[in-house]
Amino acid sequence: MTQFKKSFGKFEWLDLEKPKPKDLIELTQPFHIDLNLLEDALEHGHLPKLEKHGDFTFIILRAYSVEPHQNHATVAKLSNKIAFLINETQLITIHQKPFEFLDKFKEEEFEESENLMLSIILEMIRTFEVPMQWLSDKMDENEKEIFLNKNGKISIEHLYYQKAKARICRKLLQLSQNVLNQLVVQEQYISTLQDIKESTISYLLHYDEVIEDAHSILNTHLSLSAQKSNEVMKLLTIFSAFFLPLTFIVGVYGMNFEYLPELTWKYGYFLTWGIMIAISVIIFAWFKRRKFV
């Protein structure tokens, strides 16, 4: 376990990284915190939530924590959480993974515990910006591949992971938005909280666009694939229409009977060729008239 403790005058910040259950209980024992809240703080995949317990407010939020190009499709793989326990004199942050932005705050000074908490929350929300931009760029690349390249092929597997990431990020932001809507702060920090809410809404709208683009790209890809299959079937049908009557004629005169009337015709071979060519011309003319070719 890594522990950081700092006093800011009006409040004290205790940051715990990878705490064990026993250590966490011992460190928080003076504050008489409910054990159920501590269990939630240690649970790896817990979703965002807010609870009141005595004079403490307990908050869990999740931040995006992997490289955008990594293919994961679960909340626990794509994000990590920070649990907050806050009142006027204490701020306790509990997390299993290191966050770089927390080190920045360890060097700064804050007047109130709410100010520090809101600053951390804003950085957590901002972690969704880089994957959002990456996903948006990928959607543009997929569209160009489909509409501008001759082959028009995209990876369905990659598109699945991109869509899954966008869906999970949107869900986490929605849950975070619910937490922020329940959060009550002092009057001087209402504007800061509102800015965080607006950033969350902006990211939500962008992720909605990414998901809509992913749906559109998938449907377009399937439509183009179906169209190409139809064109192949159309071509095979046209060939079959030409060769079916010709094959029938060849089959008739390929029968091994001793007495076939036309076998003794002097110009039978040329006549048969003429009939087959005439049939081909008639079929071609019919297809042309129907605009099949």
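Remember, it's a predicted structure, so these values are computed and weren't measured experimentally.
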Engineer: Using the side chain to side chain contact (heavy atoms under 4.5 Å, CB included) rule, take Thr57 and Met117 through it: C-alpha gap first, then chi angles, then the decisive distance, then the call.
Structural biologist: CA-CA 11 Å; Thr57 300; Met117 181 192 68; over 6 Å; no
Engineer: In the structure I gave you, are the side-chain heavy atoms of Thr2 and Lys18 within less than 4.5 Å of one another anywhere?
Structural biologist: no
Engineer: With a 6.0 Å cut-off (strictly less than), is the heavy-atom count around CE of Met233, excluding the residue itself, greater than 12?
Structural biologist: no
Engineer: Are Leu91 and Val184 joined in one hydrophobic group, where the rule is that I, L, V, M, F, W and Y side chains link up if heavy atoms are under 4.5 Å apart?
Structural biologist: no
Engineer: Under 3.5 Å, is there a donor-acceptor pair between the side chain of Ser79 and the main chain of Tyr64?
Structural biologist: no
Engineer: Around atom NZ of Lys97, are there more than 12 heavy atoms of other residues, nucleotides or ligands at under 6.0 Å?
Structural biologist: no
Engineer: Are side-chain heavy atoms of Leu47 and Ile60 found at a separation under 4.5 Å?
Structural biologist: no
Engineer: I need the Leu61 CG to Asn80 CG distance, nearest 0.5 Å.
Structural biologist: 13.0 Å
Engineer: Tell me whether Ser176 contacts the main-chain N or O of Leu172 through its side chain, where contact means a donor paired with an acceptor under 3.5 Å.
Structural biologist: yes
Engineer: In Å and rounded to the nearest 0.5 Å, what is the CD1 to CD1 distance from Ile25 to Ile33?
Structural biologist: 11.0 Å
Engineer: Is a salt bridge present between Lys10 and Glu112, judged by a nitrogen-to-oxygen distance below 4.0 Å?
Structural biologist: yes
Engineer: Please round to the nearest 0.5 Å and tell me the distance separating atom CD of Glu209 and atom CZ of Arg170.
Structural biologist: 12.0 Å
Engineer: List the steps and the verdict of side-chain hydrogen bond (donor to acceptor under 3.5 Å, both in side chains) for Gln174 and Asn178.
Structural biologist: CA-CA 6 Å; Gln174 286 175 335; Asn178 292 337; over 6 Å; no
Engineer: May I ask you to test the Thr74-Lys77 pair for a side-chain heavy-atom distance under 4.5 Å?
Structural biologist: yes
Engineer: Test side chain to side chain contact (heavy atoms under 4.5 Å, CB included) on Leu183 and Leu118; report intermediate values, then the result.
Structural biologist: CA-CA 10 Å; Leu183 185 60; Leu118 290 174; 4.1 Å; yes
Engineer: Could you give me the CA-CA distance, side-chain angles and deciding distance for Thr272 and Ile275, then say whether side chain to side chain contact (heavy atoms under 4.5 Å, CB included) is met?
Structural biologist: CA-CA 5 Å; Thr272 304; Ile275 292 172; 5.7 Å; no
Engineer: Measure the spacing between NZ of Lys163 and CD1 of Ile211 and express it to the nearest 0.5 Å.
Structural biologist: 8.5 Å
Engineer: With side chains defined as the heavy atoms from C-beta onward, is the minimum distance between His206 and Ser202 less than 4.5 Å?
Structural biologist: yes
Engineer: Hey, is Lys144 close enough to Glu141 for a salt bridge, meaning N to O under 4.0 Å?
Structural biologist: no
Engineer: Does Glu43 have more than 12 heavy atoms from other residues, nucleotides or ligands lying within 6.0 Å of its CD?
Structural biologist: yes
Engineer: Can you spot which of Ile201, Leu50, Ile196 makes a side chain to side chain contact (heavy atoms under 4.5 Å, CB included) with Leu180?
Structural biologist: Ile196
Engineer: Answer yes or no: does atom NZ of Lys171 have more than 12 heavy-atom neighbours from other residues, nucleotides or ligands under 6.0 Å?
Structural biologist: no
Engineer: I'd like to know if the side chain of Thr28 and the backbone of Leu24 have a donor-acceptor N/O pair within less than 3.5 Å.
Structural biologist: yes
Engineer: Using side-chain heavy atoms (C-beta onward) and a distance below 4.5 Å, is Phe11 in contact with Gln90?
Structural biologist: no
Engineer: Cluster question for you: counting only ILVMFWY and a side-chain heavy-atom cut-off of under 4.5 Å, with indirect links fine, are Leu218 and Tyr160 together?
Structural biologist: no
Engineer: Would a single hydrophobic cluster contain both Ile82 and Leu122, if residues Ile, Leu, Val, Met, Phe, Trp and Tyr are joined by side-chain heavy-atom contacts under 4.5 Å?
Structural biologist: yes
Engineer: Less than 4.0 Å between a side-chain N and a carboxylate O, is that true for Lys6 and Glu109?
Structural biologist: yes
Engineer: Report yes or no: do Gln162 and Asn142 form a side-chain donor-acceptor pair below 3.5 Å?
Structural biologist: yes
Engineer: So, for Gln96 and Pro19, which heavy atoms are closest and what is the spacing to 0.1 Å?
Structural biologist: NE2-CD, 3.9 Å
Engineer: Less than 4.5 Å apart, any side-chain heavy atom of Pro131 and any of Tyr207?
Structural biologist: yes
Engineer: Output yes when a side-chain donor or acceptor of Thr200 lies under 3.5 Å from a complementary backbone atom of Leu173, and no otherwise.
Structural biologist: no
Engineer: A side-chain contact here means heavy atoms from C-beta on lying under 4.5 Å apart; do Lys138 and Val210 qualify?
Structural biologist: no
Engineer: If every non-hydrogen atom of Leu246 is compared with every non-hydrogen atom of Ser280, which pair is closest and at what distance?
Structural biologist: CD1-OG, 3.6 Å
Engineer: Minimum heavy-atom separation for Asp40 to Lys49, with atom names?
Structural biologist: OD2-NZ, 2.9 Å
Engineer: Hey, are Gln177 and Asn181 close enough side-chain-wise for a donor-acceptor pair under 3.5 Å?
Structural biologist: no
Engineer: How far apart are the closest heavy atoms of Ala241 and Ile283, and which atoms are they?
Structural biologist: O-CD1, 3.2 Å
Engineer: By the ring-ring contact (aromatic ring centres under 6.0 Å, His included) test, which pairs, at least two apart or in different chains, include something from residues 68-103?
Structural biologist: His95-Phe99, Phe99-Phe101
Engineer: For the CD atom of Glu51 and the CD1 atom of Ile59, what is their distance to the nearest 0.5 Å?
Structural biologist: 11.0 Å
Engineer: Do Phe284 and Phe248 belong together in a cluster built from hydrophobic side chains that touch within less than 4.5 Å?
Structural biologist: yes
Engineer: Answer yes when Glu123 and Arg126 have at least one side-chain N-carboxylate O distance shorter than 4.0 Å, and no when they do not.
Structural biologist: yes
Engineer: Assess whether atom CD of Glu108 is packed by more than 12 heavy atoms of other residues, nucleotides or ligands within 6.0 Å.
Structural biologist: yes
Engineer: Less than 4.5 Å apart, any side-chain heavy atom of Trp13 and any of Ile92?
Structural biologist: no
Engineer: Any link between Met124 and Trp134 through a network of hydrophobic side chains (Ile, Leu, Val, Met, Phe, Trp, Tyr) touching at under 4.5 Å?
Structural biologist: yes
Engineer: Identify the two heavy atoms, one from Asn115 and one from Ser119, that lie closest to each other, and give their separation to 0.1 Å.
Structural biologist: O-OG, 2.9 Å
Engineer: Could you go step by step and tell me if Ile190 and Val185 meet the side chain to side chain contact (heavy atoms under 4.5 Å, CB included) rule?
Structural biologist: CA-CA 6 Å; Ile190 291 177; Val185 296; 4.2 Å; yes
Engineer: Any idea which heavy atoms bring Lys165 and Asn71 closest together, and the distance?
Structural biologist: NZ-OD1, 4.3 Å
Engineer: Within 45° of the axis and under 6.0 Å from the centre of the six-membered ring of Phe4, does NZ or CZ of Lys106 qualify?
Structural biologist: yes
Engineer: What's the spacing between Asp55 CG and Ile86 CD1 if we round to 0.5 Å?
Structural biologist: 11.0 Å
